[in-house]
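Note that the coordinates shown come from a computational prediction; the quantities given were computed from them, not determined experimentally. Start at 1 and go down the list; that is how both ligands and their atoms are numbered.
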Amino acid sequence: MSEARIAGVAVDTRHWIGGRRVASTATFLDVSPIDGSTLARIARGGADEAEAAVAAAKAAFPGWAATPPAGRARVLHAIADGIEERIEELAIVETTDNGALLRSHRRGVIPRAARNFRFFADWLLSLGHEDFSTHTGGPTDPGHTNHISWDPAGPCVLITPWNAPLMLATWKVAPALAAGNTVILKPAEWSPLTASLLADIAAEAGLPPGVLNVVQGYGSEIGDDLTSHPDVRRISFTGSVPTARRIAASAARNLTPLSLELGGKSPLLVFADADPELAVELAVEQFDNAGQVCLAATRLLVEESIADEFTDRFMRKAARLTQGDPRADATDIGPTIHPRQVERVDGFVRRAIAAGARVVFGGGSHTRLGGLYYRPTLLTDVAQDSEIVQEEVFGPVLTLQTFADEAEAIHLANDTRYGLAATVATGDHRRAERVTAQLVAGTVWVNCFFVRDLRAPFGGSRLSGVGREGGTWSFDFYCDLKNRVTAPKGFSDHG
Ligand code: NAD
């Protein structure tokens with residue numbers, strides 16, 4: 001079986017290598033988190049598929065790298081058109097595969113995947129740096145001209161997680177292709193389907209064979225063959241810290257440059273001067289996608305004087321959330337991706353309770369909806385050095401701690417090994433500036449959450465990542481930057 005039907009949409013379950021579908025003798029099961037039903041048997045790649053995909057990307061590289069930027073941009077816009085034409089199909093397949101809300105996919109996530117292609121296509125055409133002169137002689141020296149270019153680097157391995165599959169894949173694929181590189185995309189094994197549809201869309205849009213390759217399989221089986229390959233020039237990875245360590249060790253063999261977008265344990269700091277309704281809205285928003293959001297502010301840090309009032313308001317608002325089938329319009333929170341992830345989330349909660357935490361809200365799976373529907377949960381009485389405060393849960397679990405003053409708030413906020421994001425709720429401009437200046441985080445939001453602009457740098461500090469992508473930073477990563485220094489002499493022609 002090389003095709004699955006997901007809500008009426010045909011999805012090829014094989015790899016996409018060198019412009020054609022390639023099967024593997026081994027397969028793995030893809031299961032829907034909505035009801036645990038089997039969706040497909042997916043090709044399970046290994047060393048041979050990794051080798052074939054890198055070879056295809058290497059063979060296609062010279063042609064795509066030599067395609068003028070305007071030509072590349074045209075194809076990228078055509079891919080964006082293809083995504084927009086198939087929003088409905090992509091949204092239902094993604095929801096069925098990873099359990100995130102259908103309405104979010106329709107309105108936000110899938111359109112953003114198309115925007116990734118449009119944005120990087122346009123940014124490519126505006127990319128440039130003004131030439132500048134180096135004067136090595138006296139005042140009459142006309143100067144040597146420095147001209148900086150962003151040259152394509154070569155085949156890129158892009159590895160993505162399951163929580164926002166198409167959005168995160170396109171966030172990497174689009175700049176890598178715009179830069180003139182070729183790609184081997186390895187989606188997560190818990191949500192492999194939309195990557196296959198992306199391959200179809202790219203081919204229909206006129207992307208030449210081998211420029212985008214999609215290999216499926218378990219990271220533990222195919223990952224090392226991809227990340228240690230000497231012909232791979234860049235690796236961009238979004239996922240967990242333990243996997244990042246393995247990839248970094250593997251990439252070290254060839255010193256392949258890496259971009260790592262990893263987990264977080266981000267804080268939401270709520271000061272007494274904050275708009276109370278807004279602060280609670282921001283807090284409850286952290287349950288979005290059942291908490292399976294790297295940027296989620298899972299640590300609520302609330303000023304002591306308003307903690308009781310904040311908790312009451314939080315409980316009232318959180319109690320109105322509807323958990324259920326992510327395809328239903330009325331649903332606010334869907335399921336957790338996989339039974340193994342539920343076990344992991346519940347393990348954190350059980351251990352926190354054993355260590356003295358109090359469950360204020362939720363805790364455990366929904367009795368009526370079943371095991372995969374972990375209830376939105378709030379824990380208090382948690383120690384700063386406890387596991388639940390220090391480690392990423394990646395589920396709908398928040399902790400609440402209080403602080404006495406600004407200094408303590410900043411200390412608690414920064415006191416983990418992560419540094420992905422932080423959110424501050426305050427009614428005082430000056431406080432916002434003081435506090436945000438001292439927070440260690442790649443993105444800091446003030447009185448808002450999740451507002452993302454593709455021109456901005458994105459990434460994490462400390463264990464939350466290495467490097468930044470977005471805007472020109474993406475091209476800095478996916479390109480070999482070159483400075484051409486030209487002397488004002490030595491030419492026999494006249495230019
Ligand atoms: P994961 O690390 O388990 O897997 C991510 C990907 O890596 C998957 O495709 C997997 O197959 C692959 N992989 C596994 N072992 C590999 C190996 N040895 N070599 C190469 N690839 C390998 O992460 P996950 O559970 O899929 O995703 C959740 C994590 O991702 C969380 O920590 C979350 O915070 C993080 N995340 C970060 C961001 C960000 O932008 N910073 C965004 C989304 C998710």
Under 4.0 Å from a heavy atom of Ile247: which atoms of ligand 1 are those, numbered in the order shown and with their elements? 19 (N), 20 (C), 21 (N)
Would you tell me which option among Arg245, Glu392, Gln216 has the nearest heavy-atom contact to atom 34 (O) of ligand 1? Glu392
Side-chain donor/acceptor of Asp97 to backbone N/O of Leu193, under 3.5 Å: yes
Tell me if a side-chain donor or acceptor on Arg234 pairs with a main-chain N or O of Thr256 at a distance below 3.5 Å. no
Do the side-chain N and O atoms of Lys172 and Thr238 include a donor-acceptor pair separated by under 3.5 angstrom? yes
Which residue and atom name correspond to the protein heavy atom nearest atom 12 (C) of ligand 1, and how close is it? Ile159 CG2, 3.6 Å
Answer yes or no: is there a side-chain heavy-atom contact under 4.5 Å between Phe287 and Pro396? yes
Option whose closest heavy atom lies nearest to atom 4 (O) of ligand 1, chosen from Thr443, Asn289, Thr243: Thr243
Option among Ile110, Ile79, Asn116, Leu185 that satisfies the side chain to side chain contact (heavy atoms under 4.5 Å, CB included) test with Thr170: Asn116
Below 3.5 Å, N or O to N or O, backbone or side chain included: is there any such pair between Gly217 and ligand 1? no
What do the steps show when you test Val302 against Leu400 for side-chain contact (heavy atoms from CB on, under 4.5 Å), and what is the final call? CA-CA 7 Å; Val302 183; Leu400 189 150; 4.2 Å; yes
Is the NZ or CZ atom of Arg115 positioned over Trp171's six-membered ring, under 6.0 angstrom from the centre and within 45° of the axis? no
Considering distance alone, does some N or O of Thr160 sit under 3.5 Å from an N or O of ligand 1? yes
Per atom 20 (C) of ligand 1, closest listed option by heavy atom (Ser228, Gly223, Ser464): Gly223
Starting from atom 5 (C) of ligand 1, which protein heavy atom do you reach first, and at what distance in Å? Phe237 CE1, 3.7 Å
Checking heavy-atom distances from atom 29 (C) of ligand 1 to each of Ser220, Pro161, Pro192, Gly239, the winner is Gly239
At a 4.0 Å threshold, what atoms of ligand 1 neighbour a non-hydrogen atom of Glu261? 37 (C), 38 (C), 39 (C), 40 (O), 41 (N)
Taking the six-membered ring for Trp, are Trp473 and Tyr478 closer than 6.0 Å centroid to centroid? no
Between Arg299 and Ala413, is there a donor-acceptor pair closer than 3.5 Å when you use the side chain of the first and the backbone of the second? yes
Look at atom 40 (O) of ligand 1 and say which protein heavy atom is nearest, naming residue and atom and giving the distance to 0.1 Å. Phe458 CE2, 3.3 Å
I'd like to check which ligand 1 atoms, numbered from 1 as shown, lie under 4.0 Å from a non-hydrogen atom of Gly263. 32 (O), 34 (O)
Among Ile42, Val215, Ile222, Val214, which residue meets the side chain to side chain contact (heavy atoms under 4.5 Å, CB included) test with His15? Val215
Got the closest protein heavy atom to atom 17 (C) of ligand 1, with its distance? Gly219 O, 3.4 Å
Close approach, Pro187 and ligand 1, non-hydrogen under 4.0 angstrom: yes
What atoms of ligand 1 come within less than 4.0 Å of a heavy atom belonging to Thr238? 5 (C), 36 (N), 37 (C), 38 (C), 39 (C), 40 (O), 42 (C), 43 (C), 44 (C)
A student comparing Val293, Leu226, Asn163, Leu295 should find that the heavy atom closest to atom 44 (C) of ligand 1 comes from Asn163
Check this for me - ligand 1, Trp162, N or O atoms closer than 3.5 angstrom, yes or no? yes
Full working for ring pair (Phe, Tyr, Trp, His ring centres under 6.0 Å) between Trp162 and Phe394: CA-CA 12 Å; Trp162 44 262; Phe394 220 57; 5.3 Å; yes
Among all the protein's non-hydrogen atoms, which is closest to atom 28 (C) of ligand 1, and how far away is it? Phe394 CE2, 3.6 Å
Show me which atoms of ligand 1 lie under 4.0 Å from any heavy atom of Lys186. 9 (O), 10 (C), 11 (O)
Any idea which part of Leu168 is under 4.0 Å from ligand 1, heavy-atom wise: side chain, backbone, both or neither? side chain
May I ask which of Ala188, Cys294, Ser240 has a heavy atom nearer to atom 36 (N) of ligand 1 than the others do? Cys294
Suppose we measure from atom 10 (C) of ligand 1 to each protein heavy atom; which comes out shortest, and what is that distance? Glu189 OE1, 3.5 Å
Does Ala57 have any side-chain contact (heavy atoms from CB on, under 4.5 Å) partners at least two apart in sequence or in another chain, and if so, which? Pro155, Thr182, Ile184, Asn213
Any N/O of Leu262 closer than 3.5 Å to an N/O of ligand 1? yes
Could you tell me whether ligand 1 has any atom less than 4.0 Å away from a heavy atom of Trp190? no
Would the distance check show the side chain of Gln286 and the main-chain N or O of Leu282 forming a donor-acceptor pair, the cut-off being under 3.5 Å? yes
Check: Ala432 main-chain N/O paired with Thr436 side-chain donor or acceptor under 3.5 Å: yes
